[in-house]
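Read through the structure below, which is laid out as structure tokens, and then see the notes.
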Amino acid sequence: MSTPVKRNILLNPGPATTTDTVKYSQVVPDICPREKEFCMLMDDIRNKLVRVVKGDERYTSILFASSGSGAVEACISSVVLEGKKILIINNGAYGKRMIETARCYYDEDRIIAYEIPYGDYPDVGKISSMLSDNEDIAVVFVVYHETTTGMLNPVREITRLAHEKNIDVIVDAMSAYAGVPIDVSREEYDYLISSSNKCIQGMAGISFVICRKDKLEQLDRNERRNLYFNLWDQYRYFEETGQMRYTPPVQIAYALNQALNEFFEETGEMRYKRYTESWETLIAGLRKLNFQLLLPVDQQSKLLTAVIDPQDANYKFEEMHDYLYERGYTIYPGKGAKKDTFRIANIGAINKGDIESFLSVLGEYLESFNIRV
Ligand SMILES: Cc1ncc(COP(=O)(O)O)c(C=O)c1O
């Protein structure tokens, strides 16, 4: 048995706390990633990534060596067919980033944005009218779990509407994949994106897209706007050689494989149950301390909670952060929500006992700094 590694409770929304078995799985003999042995590992990972979201034979997965934003940029820049437009749903920092990303590749008249304050719930009727009013829209981009606010967006409804009009859907499921039950075969997302370091509980460094194979096939004839992040080229190379086109993060791949094995051992249902129990413990404890939450409970992901800042002159986020950090808990600042907030995620290899200990340290902080919530 390897020496236990100091355990930090990361309550930021990823990179998340990992198990020691995931950490130690990176300690492997050096290997050239062009060897058959490594290709077999990649193949295994690709299949498991699809299985996590119950993808059937219509789906495949494509990996990149990058943070999550890489796979999002790969989708945005690769899948809009020539002359067509993209509709981006923006109710948080990650919707906004996608508008900025799209602007790097497309003229302004090809980008249509549905924008509302961070913390407001998307109006599906309005989105439906936007799709009807713009016949050239070929792709909709929506964030599954808007990590800015902790909101679960109505992705299923938006996907259904889009598909009625033959429009493809890119879902940024960065902080939802493996944390909430997703069934791509039933919900029929065309491109679903995530990364190795959030609810799948691996290390940072791999981003991936679960794709409908038939949608990918049509990209063969599309204009090339990118090199490294070309989805079709990466797919074709994986299919022909079993490898990434460029150097993969070897050790991160071993860790991802171990994290996937641990996901299947725990099962998706039990992971969701563990996360839900942590979240229920969290919000009950926050309420006891008089904190208010940004979102109504029925819009919440149960993965991350945006908490309204105390209106007390003694409160400073940095001081609270530092007090908690010194005691082993990392929390996260707000990110432009319609009210000032800080954020607490409950993803990763943690449980409700960790949340209980966190809440008691948070209570101590409020008392020692004389803060009234
Ligand atoms: C919904 C969402 N999209 C995109 C990203 C960007 O991922 P990364 O920081 O790994 O590039 C994040 C990161 O937290 C996210 O939560």
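Atoms within a ligand are numbered from 1 in the order they appear, just like the ligands themselves. The structure displayed is predicted, hence computed values, not measured ones.
- Short contacts between ligand 1 and Lys198, defined as distances under 4.0 Å to a heavy atom of the residue, involve ligand atoms 13 (C), 14 (O).
- For Ser69, a nitrogen or oxygen atom sits less than 3.5 Å from a nitrogen or oxygen atom of ligand 1, counting backbone and side chain alike.
- Ligand 1 does not have Glu146 within reach: every non-hydrogen atom of the residue lies 4.0 Å or more from it.
- Salt-bridge annotation for Glu280 and Lys352: absent, with no side-chain N of the basic residue lying under 4.0 Å from a carboxylate O of the acidic one.
- Salt-bridge annotation for Glu269 and Lys273: absent, with no side-chain N of the basic residue lying under 4.0 Å from a carboxylate O of the acidic one.
- Using a cut-off of 4.0 Å between Lys/Arg side-chain N and Asp/Glu carboxylate O, Arg7 and Asp354 are scored as salt-bridged.
- Of all the heavy atoms in Leu227 and Tyr246, the pair that sits closest is CG-OH, 3.7 Å.
- In the vicinity of Arg97, heavy-atom distances shorter than 4.0 Å reach the ligand 1 atoms 6 (C).
- Nearest to atom 16 (O) of ligand 1 by heavy atom, out of Asn12, Thr148, Thr147, is Thr147.
- Taking the ring axis of Tyr323 as reference, the NZ or CZ atom of Arg327 stays within 45° of it and closer than 6.0 Å to the ring centre.
- A side-chain donor-acceptor contact under 3.5 Å links Gln311 to the backbone of Asp309.
- Under the 3.5 Å distance criterion, the side-chain polar atoms of Arg46 are matched with a main-chain donor or acceptor of Ser61.
- Of the protein's non-hydrogen atoms, Gly68 N, 2.9 Å is the one closest to atom 10 (O) of ligand 1.
- Using a 4.0 Å heavy-atom cutoff, Asp172 is listed among the residues neighbouring ligand 1.
- The shortest N or O to N or O distance between Asn197 and ligand 1 is not under 3.5 Å.
- Counting atoms of ligand 1 from 1 in the listed order, those under 4.0 Å from a heavy atom of Val143 are 1 (C).
- A salt bridge links Lys96 and Glu100; the closest N-O separation between the charged side-chain nitrogens and carboxylate oxygens is under 4.0 Å.
- Looking at ligand 1, you'll find an N or O of Tyr94 within less than 3.5 Å of one of its N or O atoms.
- Taking every heavy atom of His145 and a limit of under 4.0 angstrom, the matching atoms of ligand 1 come to 1 (C).
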